[in-house]
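Chain naming here is simple, since letters A, B, ... match the order of the sequence lines and numbering starts at 1 in each. FYI, side chains are in, hydrogens and waters are out, and symmetry mates aren't considered; it's all heavy atoms of this structure.
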Number of protein chains: 2
Amino acid sequence: MKNVLNKIKRVYDLSEEALSLLTSRLRLVNFPKGYILFEEGRTEKYAYFIERGIARAFCRKDDKEITFWFGSEGEMLFSYNSYISAKPGYETVELLEEAILYEVSLSDLQELFLNNLELANWGRKLAETELIKTEERFISYQFTPAIQRYEELLNSNPDLLQRVSLGQIASFLGVTQVTLSRIRADFR
Amino acid sequence: MKNVLNKIKRVYDLSEEALSLLTSRLRLVNFPKGYILFEEGRTEKYAYFIERGIARAFCRKDDKEITFWFGSEGEMLFSYNSYISAKPGYETVELLEEAILYEVSLSDLQELFLNNLELANWGRKLAETELIKTEERFISYQFTPAIQRYEELLNSNPDLLQRVSLGQIASFLGVTQVTLSRIRADFR
DNA sequence: ATCCTTTTTTAACATTTGTAAAAAGAAAAG
DNA sequence: CTTTTCTTTTTACAAATGTTAAAAAAGGAT
């Protein structure tokens with residue numbers, strides 16, 4: 001549970017009591033490589049902490065898929081619409097490796113948030129840090145050319161190339177796979 | 001205070017007590033058109049509710065400005081880095097019209113969050129709704145061509161054209177002003 | 001090792017978008 | 001009303017990216 005506990009504490013430091021309130025609701029689960037954890041259009045009932053493995057979130061349009069997020073050890077998985085508004089999600093989440101996750105039901109989380117001040121603030125911090133990450137990525141998207149975003153992505157995530165395909169990275173960067181190939185060729 | 005109260009309640013419904021705890025920390029302030037409310041690199045001490053007026057947030061790079069957000073009546077203004085981590089902000093916020101705002105100090109907000117369960121959950125919901133909006137915009141950015149994003153922007157914000165310049169809208173859409181002109185020409 | 005499947009790169013061409021500069025239009029100032 | 005300034009559109013050309021298809025490379029399975 002090392003990676004998960006690390007994540008929980010990094011979000012917002014909890015007392016022993018609050019921490020065990022939260023962890024008592026976690027359930028260890030395993031899934032095979034390729035498993036579809038969340039499906040677009042479905043209202044999900046659980047969120048997950050990644051103890052081991054890597055996942056991607058994507059949306060479908062026409063016959064294309066756009067990957068807009070990668071997450072690995074020590075990160076959380078949720079379908080934002082389900083988590084935040086109990087509405088059908090707009091994203092599909094696929095596990096790209098055999099994975100060890102900790103599952104928590106969204107109703108348990110809600111109940112904890114509404115009854116425990118520390119955990120409510122933990123939930124606040126969780127959303128806030130995700131918010132900053134998302135907005136920074138959005139801004140860098142408009143400012144930074146794909147070449148540079150590619151380098152930065154690999155710097156902050158050196159093992160990504162070994163774990164996910166270039167097609168998925170290309171769509172994450174917002175270019176076609178052909179363009180990413182050209183970028184990589186220039187890069188050498 | 002109509003627009004502001006509306007916003008507060010839309011985020012998360014508060015009891016009378018919690019609501020007055022929050023509103024008692026608000027202070028009415030006025031600023032002229034063109035006023036720079038937040039400045040890139042500065043750690044801001046306040047957040048604002050917009051009662052009347054419209055603002056934009058932008059980042060500078062080289063000699064370009066990229067507008068990545070517009071906000072008007074019933075929305076909040078904060079420098080995310082200051083609000084979330086008490087660190088210097090990466091964005092500049094400019095008021096595009098004479099504005100009536102309600103100011104609240106970030107330290108007051110923090111104190112309320114740490115002491116009141118309802119307000120902590122209000123703060124959580126606030127971050128969560130901002131998070132969903134940001135992520136949806138990020139996704140639509142990758143999926144939707146500029147022409148369509150332009151139409152959607154005007155649909156959801158019919159008076160925007162009267163309130164901000166096309167140059168700012170172009171940079172918000174992630175294209176040059178020349179491209180936006182072409183889009184508008186095709187559109188007719 | 002060989003075959004089969006999947007992933008990645010390369011090529012040629014079309015389309016889109018950017019750049020720079022000029023022209024047209026609109027708004028503000030005298 | 002005229003001049004000045006700022007905003008928006010248009011033009012011509014250059015650069016970047018998308019599309020489609022084929023070739024090359026890499027990974028798995030037998």
Mutual orientation of the aromatic rings belonging to A:Tyr46 and A:Tyr48 [parallel < 30°, tilted 30-60°, perpendicular > 60°]: tilted

Check the distance between [N]'s [atom2] and [X]'s [atom1] and give it to me in whole angstrom.
{"X": "B:Leu166", "N": "D:dT9", "atom1": "CG", "atom2": "C1'", "result": "10 Å"}
{"X": "B:Leu180", "N": "C:dT16", "atom1": "CG", "atom2": "P", "result": "16 Å"}
{"X": "A:Lys33", "N": "D:dG28", "atom1": "NZ", "atom2": "C1'", "result": "11 Å"}
{"X": "B:Ile183", "N": "C:dT15", "atom1": "CD1", "atom2": "P", "result": "18 Å"}
{"X": "B:Leu173", "N": "C:dT16", "atom1": "CG", "atom2": "P", "result": "17 Å"}
{"X": "B:Lys64", "N": "C:dT19", "atom1": "NZ", "atom2": "C1'", "result": "11 Å"}
{"X": "A:Leu96", "N": "C:dT7", "atom1": "CG", "atom2": "P", "result": "12 Å"}
{"X": "B:Arg182", "N": "D:dT11", "atom1": "CZ", "atom2": "P", "result": "11 Å"}

[X] side-chain proximity, nearest of [options]:
{"X": "B:Gln177", "options": "D:dT8, C:dA11, C:dT8", "result": "D:dT8"}
{"X": "A:Thr176", "options": "D:dT10, D:dG18, C:dG18", "result": "D:dG18"}
{"X": "A:Ser181", "options": "C:dT8, D:dT11, D:dT8", "result": "C:dT8"}
{"X": "B:Val178", "options": "C:dA20, D:dA12, C:dT9", "result": "C:dA20"}

Face-on cation placement of B:Arg149 at B:Tyr141 ring, 6.0 Å and 45° thresholds: yes

Any residue of residues 137-163 of chain B with a heavy atom less than 4.0 Å from an atom of DNA chain C: none

Check: A:Tyr102 ring centre within less than 6.0 Å of A:Phe49 ring centre: no

Can you tell me if [X] and [Y] form a side-chain donor-acceptor pair at under 3.5 Å?
{"X": "B:Glu91", "Y": "B:Ser79", "answer": "yes"}
{"X": "B:Glu118", "Y": "B:Ser15", "answer": "yes"}
{"X": "B:Glu130", "Y": "B:Tyr80", "answer": "yes"}

side-chain N/O A:Arg184 vs C:dT9 OP1/OP2, d < 4.0 Å: yes

B:Thr179 side-chain N/O to C:dT17 phosphate OP1/OP2 under 4.0 Å: no

CA sep, side-chain torsions, deciding dist, call: A:Phe70, A:Phe172, ring pair (Phe, Tyr, Trp, His ring centres under 6.0 Å): CA-CA 9 Å; A:Phe70 292 110; A:Phe172 179 83; 5.1 Å; yes

